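Here is how names work: the chains are called A, B, and so on, in the same order as the sequence lines, proteins then strands, and each is numbered from 1. Please read these numbers as outputs of a predicted model, since none were measured by experiment.
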Amino acid sequence: MESRNLIWLIAPPVLGFVAIYLLLPQARRLTPIWGGALAALALVLGAALLVRTATVFVESLLFYAFAGITMAAGVMMIAQKNPVHAALSFALVVLSTCGLFLLQAAPFLMAATIIVYAGAIVVTFLFVIMLAQQEGASSADERSREPFLASLAGCILLASLVCILHQAFDTRHLDDIARELTQITEAKDDVEIKRLSCLGDPTKTDISKLTRPLVEKLKEHYPEGTRGRAEADQLQIQWVRMEVEPLKKTAQSLLQAIQSTGSLALYDVPGKAKTPGHREPGKLPAGNVAALGKTLFTDYLIAVELAATLLLVATIGAIVIAGRRSEVLR
Amino acid sequence: MSPATLESYLLVGAVLFTLGMVGFLTRRNLILMFLSAEMMLQGVAINLVAFAKFRGDLGGQVFVLFILTVVACEAAIALAMILMLYKRKKSLDVSLWQELREPDQEPILDEDVMPPGDKPAEFEHLTPAGAEPPPSKEAEEVSHV
Amino acid sequence: MFDATFLMWLIPLLPLLASVTIAAVGRRWFPDKCHIPCIAGAVGACMAAILVFVAVAAGDEAPIVTGQNTPWISAGHVTANFSLRADGLSAVMLVMVTFIGSLIAIYSAGYMHGDPGYPRFFAAVSLFLFFMVGLVLANNFVLLYACWEGVGLCSYLLIGFWFAKPSAAAAARKAFLVTRLGDIGLFIGILILWAHSPGHSLEYDDVFRDPRHFHFGGMLFWACLCLFIGAAGKSAQFPLHVWLPDAMEGPSPVSALIHAATMVTAGVYLVARCMPLFGAEPAAQLIVACVGGFTALLAALIAVTQTDLKRVLAYSTLSQLGYMFLALGSGIGEHKLAGLAVTAAIFHLFTHAFFKALLFLGAGSVMHSMGNVIDMREFGGLRKVLPITHWTFLCGALALAGFPLLSGFWSKDEILTTTFEAWQQSAGPVGGLYGLLFFSALFTAGLTAFYTGRAYFKTFWGPEKLPPEAGHHPHDAPPLMAWPLRILAVGALGVGIVLGPFHLFAHFLDATWIKRAFGLLAEEHHANMPLMAASSVIAVVGIGLAYWMYVKQPEVAEQMSRRLATLFELSHAKFYFDELYELAIVKPMTILAHVCRIIDAYLLDGLVDLLGQAPALMGFLVRPVQNGLVQYYALLMTLGLAGFVLSILLR
């Protein structure tokens, strides 16, 4: 990873955690404006890092909105002196997270999260009002513990995660492949296709040397036995035989797969059992609730039972712990 | 091509996770620490949901459901425990619970304590039901006059 | 008729069983009857030994060997089996050891009666018998060495039997350490044998097969010397003789059994067993002879002036053991002489066991009735008071003194003959040395007669004198003690006359061992009549002198001691060997030990403590981490996680 790129990657987390350090409740805290400005800068920088195309979809707009709200509300939650405000910020975090869930085809989870967390938040709220407000602002809320070290640790962790993510999702070669595939699909006739440098030189008689660049790139990513590998082989054969329409169709199929997943690697995982919840990459069953229920009560039945037991145990535990009234009040 | 790829969601999840972590590390209010932990779980849930979409496998969403279950359990237990702790010390400050240190260690005390004299914020509240409100001072003065 | 190999296993196992029984349950279940398993084990072993003896005598000249295929140790080139061997030499030793052991066990039942350590005593005695017969029965040097150490251990336990008494504890320690010095020699000797024997075998048959063509190079001398050092340690030969007199701190039966009859003769047995090696190395033989002769003379000189009855007997034991080594060392030159030497030494060992055990038991009986007083100046004229003891003691004393026709006479005569032959057959300075040794042995014989007579007359003759500790009516030995005395007395009187004049013993050994071991045909044994006459005269003169000096003219002894004050003092102080060793060895060692202790306490302990401080320091450094605040713990976890992720990233 070149250092210039690295700086751009690391800048948002570093700036963000400087902001958080400034925002955290401390004895001599600057006005939150500086911290807030820094945080906003970090957010903008991070967003700029994510934006790759000029095209703006509604979905991406919504994503930016929800993600931005989530992160901003998260920062507010940990930076608020007043626990009530913090709890409200957390509610905002949960709500915007639910928006993200919705964007990722998880409507049931969105509803469930809102219900569960709403309950939890309301209860927490009650607690805060019951307990914390009796004594007003306290050291516990006005003084944070080790803000610098905690910010440092968070900064290192987040920067590392960002770098790892960037390494894992380095899509430059993916973009190359997509562009070349697009050229194939958009070609009008065989003359134009023959001119495309990406497919190699058809005058060479040695078949194995033909169409090397693009097909080799594809083969690098698709292991033997996957659908992608089969299509890449097909592409090569069709190119040698100069079957224009099938060639364009194959290229189209490959291009769609890449665009829908944003990745080559997970086009088709070999040997994966077909379960009710499993579809092709990037595609989930239409009836989310029904499919989720099927999955839950087929593949994850034992886990569901265990979760139910866990809930029961937790209920009993909560009653036992909180029920020892006499001992405390005496 | 849509920018809202897997990577973007993972980034948001990572940010939420680290934010929650920092909150857990720095905030001394027990309830806020609890909420920070919940926020870390939210980050994880975003990851799982994004992976579910990406792989076309509902397993990720199922896991989020289990996370919700665990969160519910955790909330029940944690709030019960917070209640108990509050009953003991009449405070939500986690720094009050440091007896489990090495025997020869000095307790960690605040370096700059809150300046005293800050009046607790008084919230407006309704009159408790079922009892006659006590006569206010003003009213007494008026009656004397 | 019977399975000799089975009996050979039985011999060591019966005492071991007795020992284990007594040690395990004796104290709890039958504290007053602990002698029964011990006696039963010893008597059973004795009977088995006699049967084995008969089998050996009846069989052809090949030894009875068993257990060759019972591996015990197998490590690299060191292999050892639990193999036992019964030939003429072991059979004689076995019978002697178990027979004397049985008698002494019976005697101890009376002697030790009422002692709080009754079970412990018999457990140790049985264990000793086990190790001793194991030592004799062993068919290889490893087993021999193990049992050798075992008897040393038992000796230590029994000398220090009354460990609450400081002198007894000190004596036990001294005995253990001094014999250990010899044991190291033995160990080195065995290592040399191991290194040079064919196939690194330590079985007797392999080691002794053909010593003359043995590829020892120049190491044979050193092997013999090291083996002899071991033997000298165990048999208390000069210069390692200092422990035996002190060992008399143990109970009298122990002195009789271990420090007179059996264990101390293990050295003689070892050298006799290794005679095929020693016989091939005249230089080693000369050393053996010189050490033996010198010890004999030295101990006899010391014995003359000792006043402690048991110490007189102890020095006498030293002297007689010296005799045996002198005999063994005389076996030079031809094989014939070696055979003669071994016969003489083992014969003397055999007869000596009887009369010396008898004398010690007699001394024990005197001690028993005198209230544990053993100083001859404290009592006298006991022949009326202790008739049984007196008569049996007399038998033993006469046998020791070499009175004609008694057992000591015959065996001592054979030793003198052997030494005489060695003198005659060797030439030059070596021959002169053997001549000197021969005359010294003659003189020692006279001294022996004199000090034996002195001890006897001072104890049993003269005016009757009882120490206050004895009480008003000192009683003679009870039956349990009297019968072993009587049997041993018969042995002391008769063993020689039965086996001596017709060379029965020599013929037996010839037939069963010597012929095979040395590749000889049976020798014609003949008595040297002039020598016999001379030794008879010397013995009678010595006893007569003692009678004259201590019964007829007691003042003469006083005058003599005054006139020869220097010599008397020298002898009385045991030639200051203890003091010399104290000054030359013990003191420097103590100083060294103190220096080491200082180094250990300040330098090494300091270093170790310093190292020990390191964890404490680390703890001091990281202890603040454990401050009880859960958020710090979480913070450390997070920093660790961040470092981990970073390390993955920067890999």
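Of all heavy-atom pairs spanning Ala303(A) and Phe66(B), the tightest one is CB-CZ, 3.4 Å. Listed here is the closest heavy atom pair of Ala72(B) and Leu311(A): CB-CD2, 4.2 Å. Taking both residues in full, the closest heavy atoms of Gln80(A) and Leu32(B) are given as O-CD1, 4.4 Å, listed atom of the first, atom of the second, then distance. When all heavy atoms of Ala105(A) and Lys53(B) are compared, the closest pair comes out as CB-CD, 4.1 Å.
Looking at heavy atoms from C-beta onward, Pro83(A) lies out of side-chain contact with Ile31(B) at the 4.5 angstrom threshold.
Your options are Leu30(B), Leu25(B), Leu35(B), and the one with the most heavy-atom pairs under 4.5 Å with chain A is Leu35(B). Residue with the most contacts toward chain B among Ala67(A), Pro13(A), Ala106(A): Ala106(A) (heavy-atom pairs, distance under 4.5 Å). Here Leu158(A) is the residue among Leu310(A), Thr70(A), Leu158(A), Val75(A) with the most heavy-atom pairs under 4.5 Å with chain B. Options Val94(A), Leu296(A), Leu149(A), Val162(A) differ in how many heavy-atom pairs under 4.5 Å they form with chain B, and the most are formed by Leu296(A). Chain A forms the most heavy-atom pairs under 4.5 Å with one residue out of Leu96(B), Leu83(B), Ile67(B), Val15(B), and that residue is Val15(B). Contact tally against chain A (heavy-atom pairs below 4.5 Å) for Leu79(B), Val70(B), Ile82(B): the top residue is Leu79(B). Most heavy-atom pairs under 4.5 Å with chain B: of the set Phe108(A), Phe66(A), Tyr117(A), this distinction falls to Tyr117(A). Your options are Val116(A), Leu161(A), Val304(A), and the one with the most heavy-atom pairs under 4.5 Å with chain B is Val304(A). In terms of non-hydrogen atom pairs under 4.5 Å with chain A, the most contact-rich of Gly60(B), Gly20(B), Cys73(B) is Cys73(B).
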- Could you give me the CA-CA distance, side-chain angles and deciding distance for Asn288(A) and Gln61(B), then say whether side chain to side chain contact (heavy atoms under 4.5 Å, CB included) is met? CA-CA 10 Å; Asn288(A) 180 262; Gln61(B) 297 196 3; 3.2 Å; yes

- Start with the C-alpha distance between Met39(B) and Ile78(A), add both sets of side-chain angles, then the distance that settles side chain to side chain contact (heavy atoms under 4.5 Å, CB included), and finish with yes or no. CA-CA 10 Å; Met39(B) 196 154 78; Ile78(A) 63 171; 4.1 Å; yes

- Any chance you could lay out the side chain to side chain contact (heavy atoms under 4.5 Å, CB included) test for Phe17(A) and Val22(B), step after step, and finish with the verdict? CA-CA 9 Å; Phe17(A) 278 99; Val22(B) 172; 3.5 Å; yes

- Is there a side chain to side chain contact (heavy atoms under 4.5 Å, CB included) between Glu146(A) and Thr26(B) once you walk through the steps? CA-CA 6 Å; Glu146(A) 296 292 344; Thr26(B) 52; 5.9 Å; no

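Note that SG of Cys98(A) is 6.5 Å distant from CD of Gln42(B), once rounded to the nearest 0.5 Å. How far OG1 of Thr18(B) is from CG of Leu157(A): 6.5 Å, rounded to the nearest 0.5 Å. Phe90(A) contributes atom CZ, which lies 8.5 Å from atom OG of Ser36(B) (distance to the nearest 0.5 angstrom). Rounded to the nearest 0.5 angstrom, Thr69(B) OG1 and Leu306(A) CG are separated by 11.0 Å. Considering OG1 of Thr97(A) and CG of Leu41(B), their distance stands at 11.5 Å, rounded to 0.5 Å.
For Ala45(B), the parts lying under 4.5 angstrom from a heavy atom of chain A are both the backbone and the side chain. Within the 4.5 angstrom heavy-atom criterion, only side-chain atoms of Leu16(B), from C-beta onward, approach chain A. Only the side chain of Met21(B) comes within contact range of chain A, with heavy atoms under 4.5 Å apart. If you measure heavy-atom distances from Leu103(A) to chain B, the contacts under 4.5 Å come from both the backbone and the side chain. Within the 4.5 angstrom heavy-atom criterion, atoms from both the backbone and the side chain of Glu38(B) approach chain A. Heavy atoms of Val94(B) lying under 4.5 Å from chain A are absent altogether. Heavy atoms closer than 4.5 Å to chain B are found in the side chain of Ile20(A), but not in its backbone.
Heavy atoms from other residues, nucleotides or ligands lying under 6.0 Å from CD of Glu99(B) number more than 12. Heavy atoms from other residues, nucleotides or ligands lying under 6.0 Å from CZ of Phe63(B) number 12 at most.
Results of the side chain to side chain contact (heavy atoms under 4.5 Å, CB included) test with Thr295(A) over Leu65(B), Asp57(B), Leu58(B) single out Leu58(B) as the only residue that passes.
One side chain, Arg145(A) or Ser95(B), offers a donor N or O that lies under 3.5 Å from an acceptor on the other.
Between Phe63(A) and Tyr9(B), the ring planes are tilted. Angles from 30° to 60° get that label.
With hydrogens and angles ignored, the 3.5 Å screen pairs no side-chain donor or acceptor of Arg143(A) with any backbone N or O of Arg27(B).
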